[in-house]
Each structure stands twice: as C-alpha cells, then as structure tokens.
K.L.:
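Below is the structure I would like to discuss, written out as structure tokens.
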There are 4 protein chains.
Amino acid sequence: MSSIWGRHFTIDIFGESHGPKIGAVINGLHPGTELDFPQIRAFLDRRRAGSEAWSTKRHEADDFEIVSGYANGFSTGTPLCVLFHNNAQRSSDYDERLNRPGHADYTGYVRYNGFNDPRGGGHFSGRLTAPLVFAGAVAAQVLSKKSIYAATHIRRIADVEDAAFDLTSITHQQAQSLAAMRFPLIDEAKRAAMETQIKQAAAEGDSVGGIVECAVCGLPAGLGSPMFDTAESRLASLLFAIPAVKGISFGSGFGFAQMRGSEANDAYAVKDGKIVTETNHNGGILGGITSGMPVVFEAVIKPTPSISKPQQTVNLKTITQETASVKGRHDACIVPRAAAVIEAAANVCMLDLMTERGL
Amino acid sequence: MSSIWGRHFTIDIFGESHGPKIGAVINGLHPGTELDFPQIRAFLDRRRAGSEAWSTKRHEADDFEIVSGYANGFSTGTPLCVLFHNNAQRSSDYDERLNRPGHADYTGYVRYNGFNDPRGGGHFSGRLTAPLVFAGAVAAQVLSKKSIYAATHIRRIADVEDAAFDLTSITHQQAQSLAAMRFPLIDEAKRAAMETQIKQAAAEGDSVGGIVECAVCGLPAGLGSPMFDTAESRLASLLFAIPAVKGISFGSGFGFAQMRGSEANDAYAVKDGKIVTETNHNGGILGGITSGMPVVFEAVIKPTPSISKPQQTVNLKTITQETASVKGRHDACIVPRAAAVIEAAANVCMLDLMTERGL
Amino acid sequence: MSSIWGRHFTIDIFGESHGPKIGAVINGLHPGTELDFPQIRAFLDRRRAGSEAWSTKRHEADDFEIVSGYANGFSTGTPLCVLFHNNAQRSSDYDERLNRPGHADYTGYVRYNGFNDPRGGGHFSGRLTAPLVFAGAVAAQVLSKKSIYAATHIRRIADVEDAAFDLTSITHQQAQSLAAMRFPLIDEAKRAAMETQIKQAAAEGDSVGGIVECAVCGLPAGLGSPMFDTAESRLASLLFAIPAVKGISFGSGFGFAQMRGSEANDAYAVKDGKIVTETNHNGGILGGITSGMPVVFEAVIKPTPSISKPQQTVNLKTITQETASVKGRHDACIVPRAAAVIEAAANVCMLDLMTERGL
Amino acid sequence: MSSIWGRHFTIDIFGESHGPKIGAVINGLHPGTELDFPQIRAFLDRRRAGSEAWSTKRHEADDFEIVSGYANGFSTGTPLCVLFHNNAQRSSDYDERLNRPGHADYTGYVRYNGFNDPRGGGHFSGRLTAPLVFAGAVAAQVLSKKSIYAATHIRRIADVEDAAFDLTSITHQQAQSLAAMRFPLIDEAKRAAMETQIKQAAAEGDSVGGIVECAVCGLPAGLGSPMFDTAESRLASLLFAIPAVKGISFGSGFGFAQMRGSEANDAYAVKDGKIVTETNHNGGILGGITSGMPVVFEAVIKPTPSISKPQQTVNLKTITQETASVKGRHDACIVPRAAAVIEAAANVCMLDLMTERGL
C-alpha cells in the first residue's frame, strides 16, 4: 500500500510525471465540509514553479477537477477524488533510460524490473506532490475552523541562515504573512544572499540544498500515541515521502546532542489557567504525544539532483560507465517550493491525528 | 494500533515499566527459523544497564520466555510471543503523580484521561525497548543468513565527536567489534573525553545527549517503495518510537543543506560487474528505495529527562506550580544503551522490507 | 479506509452514481503485466445492463480510461488509476430525498449527517461495481497465466434451482462457456422457468432474488492464514462489499448443519503424486487455508430493492410516514449481473492472497 | 498480520493448543474502563467444556492473568495483554503427524512448510478462541454501559430446529436468560431431540453440526461504511476466524433468494419519534450500515472433524494413503460452545465499529 497514507484522513496518490493525469483519492474528510477553492488554488500556487531565476520553466497550470465526494457545495463523506491534468510535459527533454545520479532512476529500475515509467521520474516525480498539496490545503481549511494553523519558512539555503521560529509562540499573522511569500523568510534581509547562492549554482549548471522549518500551532494536547504511533513517527513517515527530504528533527533537533537535561527539559508553568511550557525544546511533543505547544520541526532538502553539469553514471542497459548531463527545465533550488509541500504534509498529518481522537 | 508496527514482519509491544510482565507478539517470522539464544541474550545485554558510572543502578535480568510460535527448536510461522518479567522495579522511588519535565507524564495524562500507569513512565518507559531489542536480535539472525549486518556506534556525546563511518564500506568485522563494546566507538580514544562529560553532568545531577550512527550493510537494491513506503519513511516511523529520539537523518543528513548537487549526487560506477556508487551521500536510499549501498542514518538522542536537579513543574491535580526533583536510579547518559535499541529497530525494519519483497 | 481493500493487491474505489466519473486506484499489480483490453471489456460487458427483459434500461458504455500505472504497453508497478465516465445518468428520475426501503438512503443519511450524495444511491450505487469488475478482469489475466480460473453461475432465482457445481472438478472449458453466457447456467433448461419468475415479478412492479455459485480452480494449497486472515475471512470481507449480498457460505455451506462429521470430512487421496481430497465439502479451504481443491462458495443476492410497487416509508426531513414508489429504470433481477461482480471479486481476492505468498 | 483484527479496538491473538500459554493483546480499550471479572469468567465458562455428554473431557480452568494495560482497578488505555495457561493438554493423545481429514493438518503443513505445531491443532486449535471470548467479554461490558447487548442461541443441531428470533425485538431479559444456559435455546422443548442426535452421533464415533443465531440490540444507526467496511464485511471477517464456521448470513439470509423485493424491503415507520422498520429482513444493516434495528446473523458450524470413526487420509511424510482414527477427548457437537465464541466476536466487532465513530 505504498501510495496510501493515513489512518482516518487518508490519501492515495497516483500518477506519473508525463502520464495524462495525476491525482489523489482522499478518504475520511468529514461530511459537510465546504471547500474554499480560491484558498486551495493559492496553496497550490505556493508549490508551483514561477518566473523566478531559481525555478524550472515547466509551468503546470495545476487546474484540478474533483470527480467524486463533493456534491451540492459540500463534501459527502465518501471518497473525494481529485484529478490534475498534465499538459506541460516535454518528454523529448528526457532520455528515457538516462540513469541520473541522485535520482530514483536506478533504484526504480531495480524495484520495478525496468517497467517503471522513467519519463520525468514517473511516479517518483516531484510533480506528484501537487495532489499532496491539494490534500494539505483541504486539511488546512478543516483545521483553521478549530483555530489550528501552520507556518513555514526557509531556515537555510546553502550557507545562508534565516532566523529561527520562537518555538513557544508563532502568531497566526506571521503564518499568514509567510504563506503569502513565494520565498518565505522570517528575516527578509537574508533573501538577497540566498538568491545569490542559488544564481551562482545555476550559472555553474549546479544546484543547492536547504532546510525548511515548519510549525503547527493551536493543536490540543493529547494527539498521537506511545510506541509506534508517536506524532513524530506519523509526521516523519509522511514527510519522508516528499522527494529530496533526507532528515527530520523536532524542536531543538540535532542540537539536543549538545544540551544538558536541565536545559532540554521544558519547565511547566500555568498561564491563563492552562498548563504550558516556558520553553519548547521538545517541539510540542513529549513521549510521542502533543503537549499543546507548537509542533515544530525541520526538514533538510538535498540539492536538486537534476543538474546540467556532466556527471559519471552507468548505463542501465549496457552496464557500462557513461557521462550524464540532465537537460530540460529544472529548479536550481527546490527549497521554496518544498516549503509549501512540507506545510501541506503537516496539515494532512495533523488532521489525521485530530480525526483519530474524534476532534 | 499504536503499539503494532510492520507490514510483513510485525511487532506488537505491550507492558508497563512496573507491571508484572512486558513483551511482544511477533508476526511474520519465517517458519523453520532456528534461533540462537545466546546471541539474543548478548544483544539484550547491550541494552541492559551496567555497572558503568553513567548507567542506572536498576538492573533487570532481561530473562525472556517464549510462550508461542516456537516448537521443537524452530519457529512455527504463527505468532511468537515473548515475555519479560519485571522484578527490579522499586515503585517507592516514584511519586506517582509527579509531572516530570521532558517526560510523557503530562501528555500521557491528557491522552489517557489520567488513567495511564505513571509508575516509571508506564507504557512510555524505556523498559519497553527490551522486547523491541528481542525482535531486532531475532531479525538480525534471519538477516545474517543473507549476509546482511548492522553496525552502530556513538557518533557524539555532548561536545565530543567520534569518527564517522565510511559511508561506502563498513566491514562485517567492524560491525562485530562495535557490537562487542558496551560503549561502541570507531575511535576509542574519544571514550575518555565522553565519559568525562557524562560524569560531570552526573555529578551535577544532570544528564547529556548524543548522536548514534547506524549502518545496515549487504542489503539488495530495490527495497522500499515510492511515496509513503520509502525506506526512510518506514525506518523513521519505527525509530521515532524509541524514547528520546528527536531527529533522524540519512546519509549526509542535515549536511545536505550546504552541499551542491554535484557533490551530493553519488556517481555510479561498475565494480565486479555490479552497479555501485562511488560515494554514498544518499545513505543507500534513492527515491525511497535501497540502492545496494549501506543504508546509513543518524539519530539524535536528547539528554535523559530524569535528573535530580530541581526543576519547575506543574502539579497535575492542583494545577499549581511546584518544584520537581526526580529521585531513583537513572542514566546520566542513555546514548550507549540507545545504540543497541536503534540497531535492533533497523534490523526489524529491514527484515520487514525484505519480507515484503519475498526475500 | 472504508473504500480501500486488500493487503498486497489493493483497490481503492471512488465515485458516485451520478457524479462525473467513478474509478479505482489499483496498487500492487506486478510490473510488466500486459493487459488484454478486449478481455477486460468482455468482462465488463457481463456486468452491464442489456436488452433483456429483466435488465435496467440505463445503459452505460463502461468505457474506461487508464490514467496512470500503465506505460508502453505494460503495467509500471506503481498505482494504476482507471476512470469511467458517467454519461447515462438521468437524475430527474430520482427524488433526491426519497427514502427507499431496502436501500441505504436512511442509513447513508445518518452515517454522513445528510451530506451523502443521494442521486442514484451515490457512493452506495451498484454502478460502483464497474471499477471492481475492472480490477477483477485485470486479476483474472494475471491468474490465468498461472492456470487459475474462476467459474460462476446462477445457482437459484426465486424458486428455480440450477444444477450445482461438481465441487471437485470444474473444467476450464466449463468456466469459459459460463463466462460467455449473459445468463450463466449449468443446466440451460432452467432458464425459461427463471425468466418467467423474473417477468412475473417485473409485471407486478416487483423484483426477485437468487443465489450465485462461484468456484476458483487451479489455486495452490497454502493460501490464507489461520485466525483473522483465513481465505474465508478475506473473501467474505470483499464479497459483502457488493450491494445486495446478504450471505456467504463455503463448500457445503449451510448444509453442513445437517451433516455428520464422517460425511463432511473430505477423505484424502493421492492422485498423480499429488494430495487431493475425494470430495470437497469444505470448498477448498481447511483451517482458513486453501487445500488445492477448487475454492467454491455461494452468495445470496437479495431481491433488488428498487421496485415500482408502492411501499411505506418515512420522509427523512419531516419524519412522517409517506408512500414511496421507485421510478426509473431498474433491474427486476440483478442476479445475472451480480454473478460477474462476484467472480471479479473472487479474482481480486485470490490475486491478493497469491501476491502475499510471493506467487 | 494474520492474527491481528480490528481498526480501533484491536485484538492480537497468539499461542498454540499445547504451548505453555496462549493470550491476546488488546489495543484501543478506552482508558478508565473498570472490568467486572466475575462476568468475564462467566462468559468464559459458556465456552468451556462441561460435563455434558456432548462435550470433550479436556477441561481447561481458563484462569487468565492480565499482565499489562490494567492498573489500580482501571484500564490504562495502553495495550492490555491477557494470558491463559495451558495445563490440561495431553499431547500423548496426538499422533504428531496424523493428517486428520476436515482439519488444518494438511493445509497448515503446506502453509508453514511443515514447521507448524501440530499438537492439538497448534495455532489452529479451538483453544485459541478463549482469548477471543475474553476480548468479547470485555467488549460486552463496555457496550452494556451504552445499553447494547447481544443474544445468542442454537438455531439448529442436525435435523432439529429451534425457534428463530423475532428480528425486530429481542429483549435484554431474553439475552440474559440465553446467556445463562449452557445449551441456549428459545424453545427449550427442543433440547431433548437435539441431545438425542448428538448422543447417537457420539455413540457411532461421529459428530454433528448446526447453526447459531446471534443478535446485537441497542446499536445506533450509522455504524459501518459503504464499500469495503460494511458492517457485514467487518463481522464476517471476524466470524470466519472461528474454527468450523463455514457460512454467515444476515437477516433473512439465504431465504432472500426466494423472496420478492416487496417482501424483503423493510417498511419504515415512526415509533416514539424514532425511525424504525416494521420488519427486519435486512438484519439491521442496509448498504453496509446499521439501521438501528437489531443486527441479526446466522453462522453455520460444520460437524467437529475430530471423530473416532476410521477415515481415509494421506500420510504427509510418506505421501501414501492410510487410515486415521482421531483419539482423545473431543466434542461430538461443538455448537453450544461455539455460540459463546460467536457472541464474543460480535461484541468485539461492534465495539470496534462504535469506537470508529467515537461512540
């Protein structure tokens, strides 16, 4: 069930980069949910390629069609299927059996005995994150009615760091203003330096990586479960489905290694009659269960593997070494677009956990 | 199904720290598997508390009893249930409603409406990793017949770093020699400095964190699937079940953020007629599927939250602030013991992925 | 995950009777499978309404479009999505809030808080069996390469019984000849009497029920598992998804109640070096596991609830009694069409069980 | 995950007939549930062998031990593990490789490559229904607080039929009085004739089958889902886990085949302001979803395959024909004991469906 995720709010994603259609089937959306389509489109736009220097020139309209589960202006409660039409693919850009380093070409070939669709990465393509973002946009609307919202920014690109979230308090206004930026930063002064790094890499036919930080605020305490259904397990299992994500950490993350227990433990306090913690090193999750503080995590995005710089590879048919140079329209930095996908995934996961509790 | 993990080789873990028994039910163990019990005990010993300065003085014998699924010296193929008896618990050490910062006391209380067993952390306790290690030891034996083995070491404790694995090649001998150490390091010269940090923290009633690095070698290419069943998703979903794990990264991990695509992409080559990569920044996984190179990941372990230093907390009954000081026998550094648990989890996950492919 | 079935060969069905499209996402189809489309269409035709007296006059073309998972003439191994366009719906036939006795109108209304799509039964409609039949037709092709085939006939309509299968031996030729009939009977002489019963009911604005018998032949011994994954459990869980199925029995079925153990136990014998049973009262399943004998089961189909005869019902908005008369084009007997759906479901289940064993 | 059942209230059953212990892990029991142990023992007693003529002379005490998930007199909400000790097994009665017709000896041998535990049927044994009954007894207590109760009786043994339930109304008192009988009948006058049939079979070294009818009353409308999670699918998937069950039907069951739609459709009416049906041919389920009427089903139980009468079989080692005569203490009729197991399973399923809806 490789392409199905979730327990209560589930998504089943299908399609290939260059097939006629991609889409998702969503199970578990509460009946009677009224969707705000302009908001869904706005969320999809955050994932879309733009006119920026760092972005691919393949522009998909991302027009979607809901073919089931929505009638008379409300969700029915039965499976909602959404379709996206692929129309901007240019298969001629792809040498069908080019084994691109850093991509799934080789591993997909082995996994599917050579029958996987290699055009544009096929089912492994970042294009498949469009239906995931759709699902995340839907989830965001359900969550927002319960005053739950996510905020996401670029924490780092190459050597340039943005400021970090205040782990104890991210306002709804900050979330909205980040969502409105195509290059979401807390400290916008960092943008120029980041873009310089991207442009330099692009000029050299290369690419850069980065880190995304995401917070979900307004969640109740008590979501998730001990052992294998920790909030961290559930989130990580979904986030590692996003192409290029190679690491996930919560709260102080890898910084915990250099902390003392007395620093890392978040002291409890009572504020407005509610139990809170004064710091939030644990990223809103203790023992796998949400504490009511913001759930905050970072995801590292590896540099886009599609680069025009020549690379050494092995031809999968002849099993001989050859040189690869990936042609076509590629992002020199996928981090800004990945930020939208990561936020969408966080929404999907949190709605699944909320639904599990009957909330 | 919070306490059940796996698709084909599954584990269902039950028990509480101070209950009479803890254990696991294992489904999907191939019939006809002959277990080497001394090897299982040796693996469990790596997780056990020892006489070292940094270790808790609660010593559980970790004697296990298999009550089903094993007959006449072989696994039957039907569910194998293993039981561990708890006999070293000293409940008097625990103030039952103490809300310890950094622990699951508060979140567990909310999640279970106050009915969770708070003694020693109950179901959230690190004690519950004993049956997970049992399952990992069983998995290791099945994998070793296919020349698959895991190697694990302490990558960092506080400010002291060990050398890193050579991501392209970790020998079976290295794996075995690490498994034989209670404080597994590549560069044993680092041990003294690490122990100094631990002892200093312990002397101050405090604790330290660290990072564990683990590699699984000998795996075939083609394990895992795109989208939600990536090898990374499956591993992370299991690893985040281990108490104190707050981050997981694969290959170059968070270092990817500062790499160029041309560095991060592992060049393919042919070696002995087999397709390999010359570097292994991607940690043996591309597009969520194993490449045949070692699967290498790091897990950050937060400092043990149980510290005797006084901390500010909130009483869950009176909802008033109070000061907590955790009594009892606790590890000032859980990293060496966690290393064994992480390796066990990696074995469990890899056997699940192998079984899925019919291997 | 109400609309997802299967462990290894899974189907996720979406759509509503009067929505723009219905379809299915199939996971787990072996990569490199070449589909025979005329055969799929022929299978779908067995489910389609025809020109017969007993059949609805709503004629859907059942043209399908595969939008993912199939490229260059072969399955890719990644999710296959198939779409069917609805074009023959005549919503004006439906009074949207008519609460038809025997239908899911009331229960669907309660389950989905009144937001379910009521037109033509919505997601509950028999129309949704078209993608299930597609999946079954695909499964049949995979199974036929392993010499596994299913045979299905009408065992009873109203008071008229067909002959029963010889439980120990159903030939491939018999299976094919039954598949070629729109009214599949072993003893074709019974057809006239059955049709008479149907026509009488139709003339009175009423409908009749029946029983379908299905056998799957050529299966290896060893499919299924004890406890909750018995071959019976898996088959039944799928068959009870088919609208109007209200009972399932295996082998001698409810007749077992009146048998002695000495009759019911199938004696073992050796035939051509292979262990077989001389009778097959157990319907090819012992202890939940296939024995290598034909898997044979019966499913009872309740009379179509859509009848024009006036019936007493309760208006869901006013909660007052009223009289219902279901207009529109309905089958006076759904049994012949249900036979195709049942055979399709049997194929889907058997392929799932085969895939589980790596066969 | 062959031995795990359920989505929200799940059971994982382990053990073998002649192993040291059998048991179950229950996930999803609401925290704070106080169990009535005498009631659990009374339910287990209904499944136990007795002194009756028709019953095996193997008497297990069925003493259980809860080792996790229950503390201070309440369920904790984390996994509850229950253990039963086997102490009455007499393995010498079993010829370890006897291939008993009608049993799982052959199919289990193939499924597990000969490594299954054959003693007393191993994991396939009816002994494994003890932990299922425990789970059902626990579920019954949770359901009874919501005024939901099950009633079960022997509908038929061999040629002798009991009266049937009034499908629209089964009182709590009737349920309780049936639960108090070791041979539960609506019309107790039928008991003598049934016992005569059993004794005759026993005297001939043979056995008889029968039918059990079970009703669950007080359920709300709206449980279950369309497609693959119909209440029928869920119940059937659990019931077919019970050894000897070979058919399941709901409401009028196989009798639907001979009904007209106008008879089978249950007319709606308003009673005390509530929507009800005047008849209940559909057994409380329409479109896979409960209607609020009693959920009523029948299960056919094949005659116990363990008979002392000589039977023809094939030796699994030599693959030659031989004669089998099953020694030991066996039930000539398992139907009365199966009735308790079936009621327990119905409770487990209904609690799972209730928990799914957050009820």
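Note that the coordinates shown come from a computational prediction; the quantities given were computed from them, not determined experimentally. Throughout, protein chains are lettered first and strands after them, A, B, ... in sequence-line order, and every chain is numbered starting at 1.
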K.L.:
With only heavy atoms counted, which part of C:Lys309 is less than 4.5 Å from chain D, the side chain, the backbone, both or neither?
P.N.:
side chain
K.L.:
Tell me, side chain or backbone of C:Glu298 under 4.5 Å from chain D's heavy atoms, or both, or neither?
P.N.:
both
K.L.:
Among C:Ile307, C:Thr304, C:Asp206, find the residue that satisfies the side chain to side chain contact (heavy atoms under 4.5 Å, CB included) test when tested with D:Asn265.
P.N.:
C:Ile307
K.L.:
At what distance, to the nearest 0.5 angstrom, does CG of D:Asp229 lie from OG of C:Ser3?
P.N.:
8.0 Å
K.L.:
Check each atom of D:Thr290 against the heavy atoms of chain C and say whether the ones under 4.5 Å are side chain, backbone, both or neither.
P.N.:
backbone
K.L.:
Without swapping roles, check the side chain of D:Arg111 against the backbone of C:Ser225 for a donor-acceptor pair under 3.5 Å.
P.N.:
no
K.L.:
Check whether D:Gln200 gets within reach of chain C through its side chain, its backbone, both or neither, counting any heavy atom under 4.5 Å.
P.N.:
both
K.L.:
Is there a side-chain contact between C:Ile289 and D:Phe124 in this structure, where contact means two heavy atoms from C-beta onward sitting under 4.5 Å apart?
P.N.:
yes
K.L.:
Taking the side chain as everything from C-beta on, heavy atoms only, tell me whether D:Tyr268 gets closer than 4.5 Å to C:Asn99.
P.N.:
yes
K.L.:
If I measure from the heavy atoms of chain D, does C:Arg357 come under 4.5 Å with its side chain, its backbone, both, or neither?
P.N.:
side chain
K.L.:
Pick one of side chain, backbone, both or neither for D:Gln311, based on which atoms fall under 4.5 Å of a heavy atom in chain C.
P.N.:
side chain
K.L.:
With a 4.5 Å heavy-atom cut-off, do C:Met227 and D:Leu132 have their side chains touching?
P.N.:
no
K.L.:
Go through the atoms of D:Arg260 and report whether side chain, backbone, both or neither lie under 4.5 Å from a heavy atom of chain C.
P.N.:
both
K.L.:
Measuring from atom NE2 of D:His103 to atom CG of C:Asn282, what distance do you get when rounded to the nearest 0.5 angstrom?
P.N.:
10.5 Å
K.L.:
Tell me, for C:Ile285 versus chain D, whether the close heavy atoms (under 4.5 Å) come from the side chain, the backbone, both or neither.
P.N.:
both
K.L.:
Report yes if some heavy atom in the side chain of D:Ser2 is under 4.5 Å from a heavy atom in the side chain of C:Pro226; otherwise report no.
P.N.:
yes
K.L.:
What distance do D:Leu286 atom CG and C:Lys302 atom NZ have between them, rounded to the nearest 0.5 Å?
P.N.:
5.0 Å
K.L.:
What part of C:Ile275 gets within 4.5 angstrom of chain D, counting heavy atoms only: side chain, backbone, both, or neither?
P.N.:
both
K.L.:
With a 4.5 angstrom heavy-atom cut-off, which part of D:Ser291 approaches chain C: side chain, backbone, both or neither?
P.N.:
both
K.L.:
Is D:Tyr112 close to chain C through its backbone or its side chain, or both, or neither, when contacts mean heavy atoms under 4.5 Å?
P.N.:
side chain
K.L.:
With chain C, which of D:Ala104, D:Ala158, D:Gly287 has the greatest number of heavy-atom pairs at distances under 4.5 Å?
P.N.:
D:Ala158
K.L.:
How far apart are the closest heavy atoms of C:Ile319 and D:Val270, and which atoms are they?
P.N.:
O-CG2, 3.6 Å
K.L.:
Most heavy-atom pairs under 4.5 angstrom with chain C, which of D:Val245, D:Asp266, D:Ile157, D:Ile13?
P.N.:
D:Ile13
K.L.:
Whether the side chain of C:Ser237 engages the backbone of D:Ser237 through a donor-acceptor N/O pair (distance < 3.5 Å, no angle test) should be reported.
P.N.:
no
K.L.:
Looking at C:Pro305, C:Ala264, C:Pro310, C:Ala236, which one has more heavy-atom pairs under 4.5 Å with chain D than the rest?
P.N.:
C:Pro305
K.L.:
Most heavy-atom pairs under 4.5 angstrom with chain D, which of C:Met259, C:Gln197, C:Arg155, C:Arg234?
P.N.:
C:Met259
K.L.:
Please examine the side chains of D:Phe228 and C:Ile11, heavy atoms only from C-beta on, and report whether any two atoms are closer than 4.5 Å.
P.N.:
yes
K.L.:
Quick one: what part of C:Pro243 sits under 4.5 Å from any heavy atom of chain D, side chain, backbone, both or neither?
P.N.:
neither
K.L.:
With side chains defined as the heavy atoms from C-beta onward, is the minimum distance between D:Glu232 and C:Lys246 less than 4.5 Å?
P.N.:
yes
K.L.:
Anything under 30° is parallel, anything over 60° is perpendicular, the rest tilted; go ahead and classify C:Phe254 against D:Phe254.
P.N.:
tilted
K.L.:
Which region of C:Glu204, side chain (C-beta onward) or backbone (N, CA, C, O), has a non-hydrogen atom less than 4.5 Å from a non-hydrogen atom of chain D, or is it both or neither?
P.N.:
side chain
K.L.:
If you tally heavy-atom pairs under 4.5 Å against chain D, which of C:Ser306, C:Ala201, C:Ala257, C:Gly247 wins?
P.N.:
C:Ala257
K.L.:
Under a 4.5 Å cutoff for heavy-atom pairs, which residue among D:Gly108, D:Gly209, D:Ala299 has the most contacts with chain C?
P.N.:
D:Gly209
K.L.:
Look at C:Tyr106, C:Phe297, C:Phe250 and state which one has the largest set of heavy-atom pairs under 4.5 Å with chain D.
P.N.:
C:Tyr106
K.L.:
Looking at chain C, which one of D:Pro220, D:Ala269, D:Gly288 has the largest number of heavy-atom pairs inside 4.5 Å, strictly under?
P.N.:
D:Ala269
K.L.:
Give the member of D:Glu356, D:Glu263, D:Glu278, D:Lys274 that has the highest number of heavy-atom pairs under 4.5 Å with chain C.
P.N.:
D:Glu278
K.L.:
Below 4.5 Å, heavy-atom pairs only: which of D:Gly261, D:Ala267, D:Ala231, D:Gly253 has the largest tally toward chain C?
P.N.:
D:Gly261
